[in-house]
Student: 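Input: one structure, supplied below.
What you see is a predicted model, and the numbers here were worked out from it, not measured in a lab. Reminder, nothing fancy here: chain letters follow the sequence lines and each chain counts from 1.
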Amino acid sequence: MSKSNNDKKINVLFMGTPEFAIPGLKALINDPCYIVKAVYTKIDKPQGRGKKLNAPPVKILAQKYNIPIYQPNTLKTEKENIKKINPDLIVVIAYGKILPVEILELPRYGCINVHGSLLPLYRGSACLNAPIINGDEKTGISIMKINEKMDAGPILKQFEIKLNSDSNLEYVHDTLSQLSGQVLVPTLNDWINGKLKAKPQDDEKATYVKMLKKEDGRIDWRKGAPEIDRLIRGLNPWPGTFTYANHKLIKIIAAQVAPFTKKQKLKIGEVFLDSGNLTVKCGQGNLFILKLQIESGKIMSSRDFIKGHNNIIGQILK
RNA sequence: CGCGGGAUAGAGCAGUUGGCAGCUCGCCAGGCCCAUAACCUGGAGGUCGUCGGUUCGAGUCCGACUCCCGCAA
């Protein structure tokens with residue numbers, strides 16, 4: 001029995017929080033070459049109706065495998081603890097906190113981050129939404145070495161997926177999340193074995209996306225129908241897109257650009273029926289509303305909605 | 001005990017001061033038409049979320065419970 005390099009197990013410290021990080025963490029747990037020594041995740045937050053404390057998905061998965069869990073408010077005081085864990089590698093996927101420089105240099109293979117966009121495009125937290133909202137033809141994930149600037153480290157490898165006029169946030173989130181689970185371990189293997197070189201990003205081409213706020217989902221019907229459609233696809237299910245009809249909140253879950261524009265004397269935001277579709281007049285073109293949700297109601301198709309809310313026709317959405 | 005909305009036909013909703021359970025759509029049968037997400041005629045389909053209370057009488061008023069949802073996170 002001879003021991004080759006491949007038989008050495010890599011001690012990993014994993015940092016992540018939401019559902020998006022789960023496939024990556026699972027891949028590391030299930031791979032015999034890696035040992036997840038500990039997990040850092042955000043603190044449990046009171047959420048849901050009734051203020052119950054809810055554990056982040058990463059914590060729940062770590063508990064299942066009896067992996068030690070740390071949930072500090074800040075990493076600035078964690079240097080000693082991480083030294084004690086003594087990881088060969090830190091893997092960060094959607095952790096939600098910035099790593100101090102002093103921690104970046106602790107593991108011998110560095111700190112590796114999986115980011116949900118094709119860097120240097122869309123540095124920041126809304127990286128999944130931005131490509132959809134902007135109508136890009138592709139997006140993807142970037143596996144990179146973390147440096148002192150946010151999402152600006154040199155890239156080990158990138159993986160693309162194509163976007164089309166149907167792609168919504170849920171699709172991009174799930175696809176990229178699954179993809180990261182598939183490619184993380186092979187990429188790390190290559191990195192550790194010296195088969196990959198980290199290529200610096202072209203900072204000139206970098207773009208940044210701000211953290212999304214609820215108000216970003218307020219629909220401005222003066223905009224063109226295609227632009228509004230992209231916003232709806234890029235923001236659902238979270239933070240969601242909404243408008244008001246007669247001062248009541250209506251969430252717009254899914255829409256579709258009307259195939260042709262009728263020349264009608266309608267006000268912007270006015271609701272009408274076009275071939276049985278609930279349709280809204282936009283600044284440019286019309287938009288079919290396919291799925292929506294009213295206050296206290298479940299998500300329903302606009303067809304179902306019309307059956308009991310005939311008075312919506314002729315109202316102006318604001 | 002964070003705030004609030006809701007449960008009525010397959011779907012979406014209305015139901016007033018308690019007094020025969022309604023509307024739109026769908027479904028079934030038939031009709032009309034070159035044609036339609038169109039129109040006409042007829043029909044089926046409900047233990048009004050659950051349990052208890054008040055009452056001559058409760059979808060409606062009172063109490064408890066279950067489930068669903070919005071805000072907030």
Side-chain angles (χ1 to χ4, degrees), chain A residues 15-22 40-61 69 71-74 94-98 124-129 168-170 173 209-219 225 231-232 234-262 264 266 270-281 285-315 317-318:
Chain A
M15 297 180 170
T17 301
E19 201 65 37
F20 187 79
I22 294 298
Y40 270 71
T41 191
K42 275 192 177 175
I43 197 156
D44 295 12
K45 275 195 284 186
Q47 60 184 160
R49 265 178 290 281
K51 138 197 171 175
K52 273 182 285 180
L53 278 184
N54 267 17
V58 162
K59 179 180 181 178
I60 293 169
L61 183 62
I69 297 160
Q71 299 177 279
N73 275 320
T74 173
Y95 178 37
K97 292 182 186 295
I98 306 222
S125 59
C127 56
L128 300 181
N129 316 78
N168 58 16
L169 177 61
E170 192 175 17
H173 174 278
V209 282
K210 291 178 189 167
M211 192 141 65
L212 290 170
K213 286 175 291 183
K214 201 81 181 171
E215 189 59 23
D216 294 329
R218 176 80 178 260
I219 294 175
L231 188 75
I232 292 167
L235 257 39
N236 278 296
W238 200 92
T241 40
F242 60 95
T243 187
Y244 289 93
N246 196 18
H247 303 292
K248 283 184 182 168
L249 179 78
I250 296 182
K251 287 184 159 188
I252 308 297
I253 309 297
Q256 184 187 322
V257 177
F260 53 88
T261 303
K262 284 187 177 178
Q264 298 191 54
L266 295 172
E270 186 164 346
V271 180
F272 62 103
L273 283 179
D274 180 354
S275 308
N277 292 292
L278 192 67
T279 313
V280 184
K281 173 79 174 173
N286 302 326
L287 197 68
F288 291 160
I289 307 295
L290 302 181
K291 286 184 193 171
L292 54 78
Q293 182 178 29
I294 57 173
E295 296 177 19
S296 307
K298 292 181 184 178
I299 293 174
M300 69 179 97
S301 74
S302 56
R303 305 268 172 155
D304 288 342
F305 174 77
I306 293 168
K307 291 169 190 168
H309 299 85
N310 226 311
N311 60 345
I312 190 73
I313 308 301
Q315 288 197 27
L317 300 182
K318 290 177 181 171

Student: A:Leu278 has an atom CG; how far is it from atom P of B:U24, in whole Å?
Tutor: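 Checked: the CG to P distance equals 19 Å.
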
Student: OP1 or OP2 of B:G5 less than 4.0 angstrom from a side-chain nitrogen or oxygen of A:Lys298, does that happen here?
Tutor: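 Checking A:Lys298 against B:G5: no side-chain N or O falls below 4.0 Å of OP1 or OP2.
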
Student: Within the 3.5 Å criterion, strictly below it, is a donor on A:Thr241 or A:Asn236 matched to an acceptor on the partner's side chain?
Tutor: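 Yes - a donor-acceptor pair under 3.5 Å links their side chains.
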
Student: Measure the CG-CZ distance between A:Leu231 and A:Arg218 for me, rounded to the nearest 0.5 Å.
Tutor: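 These two atoms lie 12.5 Å from each other.
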
Student: Taking atom CD1 of A:Ile306 and atom CD1 of A:Ile313, what is their separation to the nearest 0.5 Å?
Tutor: 5.5 Å

Student: Which whole number of Å gives the distance between the C1' atom of B:U24 and that of B:C62?
Tutor: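 Looking at atom C1' only, B:U24 and B:C62 are 34 Å apart.
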
Student: How about A:Leu290 and A:Phe288: do any of their side-chain heavy atoms sit closer than 4.5 Å?
Tutor: yes

Student: For nucleotides B:A35 and B:C13, find the distance between their C1' atoms and express it as a whole number of Å.
Tutor: 33 Å

Student: Determine the Euclidean distance between corresponding C1' atoms of B:U41 and B:G52; express it in Å to zero decimal places.
Tutor: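 That atom pair is separated by 47 Å.
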
Student: Is any side-chain N or O of A:Lys214 closer than 4.0 Å to OP1 or OP2 of B:C71?
Tutor: yes

Student: Let me know the distance between NZ of A:Lys307 and P of B:C25, rounded to the nearest Å.
Tutor: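 The distance from NZ of A:Lys307 to P of B:C25 comes to 10 Å, rounded to the nearest Å.
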
Student: Tell me the interatomic distance from A:Met300, atom CE, to B:G10, atom C1', rounded to whole angstroms.
Tutor: 16 Å

Student: When the P atoms of B:G6 and B:C40 are considered, how many whole Å apart are they?
Tutor: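 The same atom, P, in both gives a distance of 35 Å.
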
Student: Provide the Watson-Crick or G-U wobble partner of B:G30, both distances under 3.5 Å; none if there is no partner.
Tutor: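 B:C40 is the nucleotide pairing with B:G30.
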
Student: Say we look at B:C34 and B:G15: how far apart would their P atoms be, to the nearest angstrom?
Tutor: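 Result for the P pair: 44 Å, nearest Å.
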
Student: Kindly determine whether A:Gln71 and A:Ile69 satisfy side-chain contact (heavy atoms from CB on, under 4.5 Å), including the steps that lead there.
Tutor: CA-CA 7 Å; A:Gln71 299 177 279; A:Ile69 297 160; 3.9 Å; yes

Student: Check nucleotides 32-37 of chain B against the protein and report each pair of N or O atoms closer than 3.5 Å, with its distance, or say if there are none.
Tutor:
residue, atom, partner, partner atom, Å
B:A37, N7, A:Ser275, O, 3.1
B:A37, N6, A:Arg303, NH2, 3.3
B:A37, N1, A:Arg303, NH1, 2.8
B:A37, N1, A:Arg303, NH2, 2.5
B:A37, N3, A:Arg303, NH1, 3.0

Student: Are the side chains of A:Asn286 and A:Leu266 in touch, meaning some heavy atoms are under 4.5 Å apart?
Tutor: no

Student: For B:C67 and B:C25, measure between their P atoms and round to the nearest Å.
Tutor: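 Their P atoms lie roughly 36 Å apart.
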
Student: Indicate yes or no: does A:Asp304 engage A:Lys307 in a salt bridge with an N to O separation below 4.0 Å.
Tutor: yes

Student: For B:A38 versus B:G4, give the span between their C1' atoms, rounded off to a whole number of Å.
Tutor: 43 Å

Student: Does any nucleotide pair with B:A14 by Watson-Crick or G-U wobble geometry, both distances under 3.5 Å, and what is it?
Tutor: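 Its partner is none (no Watson-Crick or G-U wobble pair with both distances under 3.5 Å).
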
Student: How long is the line joining CG of A:Leu292 and C1' of B:A11, in whole Å?
Tutor: 14 Å

Student: Which of the following nucleotides, B:C69, B:C68, B:C13, is nearest to the side chain of A:Gln293?
Tutor: B:C69

Student: Quick one: which of B:A11, B:C13, B:C69 gets closest to the side chain of A:Ser296?
Tutor: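 Of B:A11, B:C13, B:C69, B:C69 is nearest to the side chain of A:Ser296.
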
Student: Does A:Asn310 or A:Phe305 map to a spot on RNA chain B nearer the 5' end, using the closest nucleotide for each?
Tutor: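 So the residue in question is A:Phe305.
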
Student: By nearest atom, which of the nucleotides B:C13, B:A73, B:C71 is closest to the A:Arg49 side chain?
Tutor: B:C71

Student: Output the rounded distance in Å from CD1 (A:Ile294) to C1' (B:G4).
Tutor: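 Going from A:Ile294 (CD1) to B:G4 (C1'), I get 15 Å.
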
Student: Could you give the distance separating B:C32 and B:G19 at their P atoms, to the nearest angstrom?
Tutor: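 About 44 Å, rounded to a whole number of Å.
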
Student: Which one is paired to B:C67, where only Watson-Crick or G-U wobble pairs with both distances under 3.5 angstrom count?
Tutor: B:G6

Student: Tell me whether the rings of A:Phe305 and A:His309 are parallel (<30°), tilted (30 to 60°) or perpendicular (>60°).
Tutor: parallel

